[in-house]
Amino acid sequence: MRIVMIGSGYVGLVSGACLADFGHHVTCVDKSEAKIDALERGEVPIFEPGLDTIISQNRNAGRLDFSKDLAAPVASADVVFIAVGTPSRRGDGHADLTYVYAAAREIAAAVEGFTVIVTKSTVPVGTGDEIERIFREEFPGKDIAVVSNPEFLREGAAITDFKRPDRIVLGTEEPRAIEVMREVYRPLYLNEAPLYFCERRTSELIKYAANAFLAMKITFINEIADLCEQIGADVQKVAKGIGMDKRIGDKFLHAGPGYGGSCFPKDTLALVKTAQDYDSPMRLIETTVAINDNRKRAMGRKVVAACDGNVRGKKIAILGLTFKPNTDDMRDAPSITIVQALLDGGADVHVYDPEGMEAAKEMLGPVVYGKDAYEIAEGADAVVLVTEWDEFRALDFKRLKALVNKPVLVDLRNIYPIAEVVRHGFSYFAVGKKSGS
Ligand SMILES: NC(=O)c1ccc[n+]([C@@H]2O[C@H](COP(=O)([O-])OP(=O)(O)OC[C@H]3O[C@@H](n4cnc5c(N)ncnc54)[C@H](O)[C@@H]3O)[C@@H](O)[C@H]2O)c1
């Protein structure tokens with residue numbers, strides 16, 4: 001099959017490379033010259049474990065190439081995926097579909113012969129209908145089918161998620177499109193990943209419903225964590241205790257600083273807006289969004305409290321900036337709000353992240369960037385663990401104690417047992433479990 005991927009970001013590049021790995025011929029297109037130039041030089045513009053190997057293997061095998069222009073590859077394609085961004089629209093929180101519709105028009109102008117157009121971007125219900133209308137009214141005579149195929153991969157584990165998905169959701173009732181999509185995903189089907197076909201509008205909603213549910217689960221355990229702190233219970237044990245119940249499951253029950261990243265914040269907001277538009281409000285999700293927004297700022301206050309209620313003039317060392325480990329993605333990371341709250345309180349903030357510092361420089365205020373955890377801990381009045389990168393999981397507390405001004409650890413990911421930290425002379429503050437010194 002000849003496949004074109006429009007948009008070579010976190011989703012497009014991973015999906016394109018993996019589809020090439022299945023044996024298809026894939027061209028990844030992007031408007032960003034810098035991205036395509038980098039890819040053509042053999043550099044991978046994002047950090048995603050294992051992606052560089054898959055890209056270079058498939059380029060060498062002649063199955064994967066890159067282009068700034070979509071016209072030629074689209075003309076000979078069987079399938080064109082749209083994987084461009086759908087950020088929050090400024091001002092109202094709806095998904096901004098400018099990039100999707102612009103891509104659709106460019107594709108429509110170039111398409112020749114029967115072609116399946118697939119939305120892999122997360123798009124609100126009805127977007128597929130609108131793409132179909134654009135083709136029908138503005139480019140009549142083009143033989144196309146529009147399919148919804150939302151992506152569920154997680155950054156940091158994107159390749160495994162793409163190649164071993166729980167399910168592949170495909171929104172189409174068009175027999176020719178069903179046949180083509182079966183062919184695209186045949187290797188996964190042979191691997192026993194279920195292909196779940198449904199109507200296009202249902203498929204579009206499945207993606208938002210999935211993300212909203214997961215965001216709600218995280219928010220639920222975060223509120224239980226707050227209650228645990230008040231009543232002296234341990235949120236990790238509560239999570240384990242409820243997670244063993246198969247009806248609940250143990251995933252997405254880690255209390256922390258609130259969800260962030262490029263999907264949950266914008267997708268929950270977009271679902272709320274869609275629901276309001278259709279006069280069918282989703283109050284659970286509205287509340288989830290509000291609780292999560294407040295939580296990030298509350299984590300800043302938690303650090304201030306750990307510093308005896310005042311951070312003015314104090315040095316705070318922040319370990320981890322990205323919204324989760326194993327990615328360089330800083331979009332809507334809780335660290336942004338936490339750092340701002342500390343800067344507002346007059347703190348001298350020093351930060352370190354293994355992969356996220358380049359992107360962070362465009363998002364954080366006046367902070368100092370260090371080269372590792374120990375460098376930024378020197379003279380610190382508190383060390384705050386925000387993102388649970390592996391390299392922060394076995395900190396040398398003896399070394400750290402000798403470096404800091406005050407031995408205070410605020411562990412917003414609950415990765416340390418209190419006894420281990422306190423044994424080294426630190427005061428320990430966690431989320432939803434016992435703090436102490
Ligand atoms: N990042 C994730 O973990 C994730 C997971 C599942 C779904 N999604 C969804 O997938 C979509 C893409 O997300 P992302 O994180 O990959 O975004 P991204 O910002 O990393 O990548 C989008 C890319 O599209 C390019 N682009 C925009 N318009 C274009 C056009 N007309 N032609 C060619 N290229 C164009 C941009 O230059 C950019 O490189 C979004 O809808 C997102 O919600 C993301």
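Atoms within each ligand, like the ligands themselves, are counted from 1 in listed order.
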Candidate with minimal heavy-atom separation from atom 31 (N) of ligand 1, of E106, E155, E48:
E106
Checking K296 against S335: is there a side-chain donor and acceptor pair closer than 3.5 Å?
no
Side chain to side chain donor-acceptor pair (under 3.5 Å) partners of residues 206-220, not counting sequence neighbours, each pair once
N211-D267
Could you tell me whether some N/O pair between D267 and ligand 1 is separated by less than 3.5 angstrom?
no
Would you say K120 has any N or O atom under 3.5 Å from an N or O of ligand 1, going by distance alone?
no
With heavy atoms and a 4.0 Å threshold, my read on which part of R331 contacts ligand 1 is side chain
N-O pairing of D129 and R200 below 4.0 Å
yes
Please indicate whether any nitrogen or oxygen in E151 is less than 3.5 Å from any nitrogen or oxygen in ligand 1.
no
Flag for Y369-E358: side-chain donor and acceptor within less than 3.5 Å:
no
Numbered in order shown, the ligand 1 atoms found under 4.0 Å of a heavy atom of K207 are 6 (C)
Ligand 1 and D329, any nitrogen or oxygen pair closer than 3.5 angstrom?
no
Would you mind finding which of K68, K266, K35, R105 brings a heavy atom closest to atom 43 (O) of ligand 1?
K266
One finds that the ligand 1 atoms under 4.0 Å from a non-hydrogen atom of A83 are 12 (C), 22 (C)
I need the nearest protein heavy-atom contact for atom 24 (O) of ligand 1: residue, atom name and distance, please.
G7 CA, 3.4 Å
Taking it one step at a time, do E155 and K324 satisfy salt bridge (Lys or Arg N to Asp or Glu O under 4.0 Å)?
CA-CA 8 Å; E155 287 172 22; K324 63 160 143 175; over 6 Å; no
F323 six-ring centre to R331 NZ/CZ under 6.0 Å and within 45° of normal:
no
Could you tell me whether P150 approaches ligand 1 through its side chain, its backbone, both or neither, with non-hydrogen atoms closer than 4.0 Å?
neither
Are D96 and T98 linked by a side-chain donor-acceptor pair shorter than 3.5 Å?
yes
Ranked by distance from atom 33 (C) of ligand 1, the top protein heavy atom is K31 N, 3.4 Å
When only distance counts, is S8 in polar contact with ligand 1, meaning an N/O pair under 3.5 Å?
no
If you scan protein heavy atoms around atom 21 (O) of ligand 1, the nearest is G9 CA, 3.3 Å
Give a yes/no on ligand 1: does R154 have at least one heavy atom closer than 4.0 angstrom to it?
no
Without swapping roles, check the side chain of R413 against the backbone of V386 for a donor-acceptor pair under 3.5 Å.
yes
How about T202 and E199: does a side-chain donor come under 3.5 Å of a side-chain acceptor?
yes
Can you check whether D30 has an N/O within less than 3.5 Å of an N/O in ligand 1?
yes
Considering V29, V84, T122, L153, which one's heavy-atom position lies nearest to atom 9 (C) of ligand 1?
T122
Would you mind checking if K240 and D245 are paired as a salt bridge, meaning a charged N to carboxylate O distance below 4.0 Å?
no
Non-hydrogen atoms of A102 versus ligand 1: any pair closer than 4.0 Å?
no
If you have a sec, work out which protein heavy atom is nearest atom 22 (C) of ligand 1 and how many Å separate them, to one decimal?
G85 N, 3.7 Å
Checking contacts here: is it the side chain or the backbone of S262 that comes within 4.0 Å of ligand 1, counting heavy atoms only? Could be both or neither.
side chain
Got an N/O contact under 3.5 Å between T86 and ligand 1?
yes
Donor + acceptor pair across side chains of D166, Y196 (<3.5 Å)
no
How about D329 and T322: does a side-chain donor come under 3.5 Å of a side-chain acceptor?
no
Cation over ring, R63 on F22, under 6.0 Å and within 45°?
no
Any N/O of V11 closer than 3.5 Å to an N/O of ligand 1?
yes
